[in-house]
Amino acid sequence: MKRHLLLISLLFAVACSTPKGNVSGDIAIIPQPLSLVRHNNNFVITPSTVLVCDVEELAPLVAYTMEYLAISTDKSVPKSNYISFALDRSLAEEEYKLSVSAESINIVAGGYGGAFNGVQTLFQLLPSEVYTKQMCLPVEVQGCEVADRPKFAYRGFMLDVACTFVEKENVLRYIDYIAYHKVNRLHWHLADNQGWRIEIKSHPNLTKVAGFRGGDSPLRAALGKWNEKYGGYYTQEEIKEVVAYAAVRNIEVIPEIDLPGHSEALLRVYPEMLCNYTNEELNVNGNYDSRNVVCATKESNYRILEEILAEVAALFPSKYIHIGGDEVNLSQWKRCPDCSAWLKRKGYSDGSELEDMFIVRIQTILTKYGKCSSVWNEAAKGGNLSKEALVYSWQSVEDCKEVLSRGYNTVLMPQLFFYYDMRQSIHENAPIWREVVDVRKTYSFDFDELGFAPETIALVKGFEGAYWSEHLLSQDGDRSLDFLDYQCFPRLCAMAEQGWGKNGGEWEEFHYRLYSRHYDRMADMGINFRITPPVVKYEGGLLSVEKIDNSTIYYRDDSNGRVGKYKGAISTDTPAKYLFWAEYRGAKSPEVAHPSHYETIQPKVKLTSSMPENPKYGYGRVSEYYMKMRTTRTCHKGDWLLYEFDDPVECRAVELNIRNYHMPATRLIHKGHVEVSEDGKSFKRVADLELGAVRLVNPRPFKAVRIVCDETAIGGSDIRVSAPLIYPKY
Ligand code: ACM
Ligand code: ZN
């Protein structure tokens, strides 16, 4: 094996005889080390450089490093031309010192984690090709002394594989990506309403039945998957493989089984775990039962949960198992004769006391298996949660502060800073269920500015970024994994920076590090990251964009589709026509335009439908709302929505949208077409709906547009409807 590597190295040496390196210009490391001093004694890694390490504990790290640097290893230290790893127990576990001199590169660390962190810093001192595992040698490394440690022990990434199953290979890929950023926890969201992804040998139906959505599964499909059955799960062998792969990369995997709410997947397999009441909702919602709360007073439920959690505990070395506790629909307990009797007996009325009791019971089970619970912040409100628990504060900044003030160890992930499913600018294509959150917003999180009490910060264990995957498959078909990258990076880089202690400067400084060096690194890591879009300006008849990084700007003339490289201001009296975007090595920004591009016209419109209207959102007020006009039932084949205008509408485009990324297939017209009428009487079919939406470009002037349903939906209570968005002619 060693000889094989040497041969490869020699081939590289022939291929590139001039040292390449990262020694000119700035060192731009993410996350920024605590201290880095550069000097001029650069080191050159050649094919004859050896990696020296005699610490058995670091053997996996040596093997890991050898995958990236094609050099050989040794146990004894030569006079020069070596890279060494060693431990110094006086340093903290994740602390390291990295020294690059003309003779050698030395990484000394408190423990495995520190040595791993040192290797990641070393990688960022090398050309970005290191991440391709095909870096040519020799390579010159900037002389420097780095002394570094993280401020926060917990730097996490939550991957929701319950809503959309992510294949094991892609989980491993994400472990690599986050490890490159010194992120050391993978919070693996394995069970939720939408799916159960972890094999439980004593309960095989959990994955057999609830590992899949759509088709004949009792779990409804996501937007765009319609009647197709899809999904998957991890076998216990695969879970062990992921845990071991992560451990080499200094990542602890924390599994989550979301309880007692968000438990549709579990409850569709074991309906006997539900509360004891008849669900009239079933009649309204068609085939799908949406009850999702485990009955808290059925003793048998705790036996089943113990069997499940015992298997989970045996698979994961982490001290913690995340048991959920978020968004529990208390009304289900209140309707249950047994749960409501418990509340009455105890003199409670709220219902949240039952959640408290449930969490304490589960915690007792976990203790038996040597584990502590971690929970979402709602579960910390009752007061009986053990102080051993780790609380994930995801709601508002105020909720984060409240959890800290109650004395809980907390991972901070307020959604308006750290949720990667949220849209990154207003006009791009992603769900917008709360707000726009871009990388700058993640980087802007600041304890002082947000008014955190300084004495509570010791309880902050760290930060986490979360990707909720319900709409992942609805986005871009085959490119959905690219979309995952696009949503997570570079927001995850900013989160890593927060977790490390934000040793850098203001946004501009961080952004500079990001584009000047890290864009290349992410490209070589294989990440389809998002570029911050350029800023569009229009003054004195000149349309220009302000270039804010080292990407290349392109533009498209929307009136004729012509695409060009942006070379300077465009003289025009119709700035609305042009769309701009930035590209860097395959990565892209969203398209941006002058505000006039997004302006719409609002001719008077009358909406009627074959489906009765909800009096609260009457059709007569259709122009007042977007995505709110609701029917009182789902659609059947032949149902229609008709928009009529007094005068013929002339426009460059019209968008009809009844899509909502968070609405299941049952609550929109999933198969339908659009008809247009020029005289308001005779209609012509012009397009099919795609994911519940359609955009008609350059239509002939029309007096009416009609959406017609071509297939009866599976069930569901209503359809959301909006007024058409009509864009004026240029
Ligand atoms: C959550 O986003 N419900 C934790
Ligand atoms: Zn109950």
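Start at 1 and go down the list; that is how both ligands and their atoms are numbered. None of the values given here were measured: they were computed from a predicted structure.
A 6.0 Å sphere centred on CD of E388 holds no more than 12 heavy atoms belonging to other residues, nucleotides or ligands.
Between the side chains of D289 and N279, at least one donor N or O sits under 3.5 Å from an acceptor N or O.
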Please step through side chain to side chain contact (heavy atoms under 4.5 Å, CB included) for the pair Q363 and S373, ending with a clear verdict. CA-CA 6 Å; Q363 204 163 260; S373 53; 2.8 Å; yes

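At a heavy-atom cutoff of 4.0 Å, ligand 1 is contacted by the side chain of E327 but not by its backbone.
Here C336 contributes SG and C275 contributes SG, and at the Zn ion (ligand 2) these two atoms make an angle of 100°, given to 10°.
Taking 4.5 Å as the limit, every side-chain heavy atom of I254 sits out of range of all side-chain heavy atoms of W188.
Less than 4.0 angstrom separates some heavy atom of W468 from each of these atoms of ligand 1: 1 (C), 2 (O), 4 (C). Each of the atoms 1 (C), 2 (O), 4 (C) of ligand 1 lies under 4.0 Å from some heavy atom of Y419.
For F157 and H187, the distance between ring centers is not under 6.0 angstrom.
Close N/O approach between D326 and ligand 1 is found [any backbone or side-chain N/O within under 3.5 Å].
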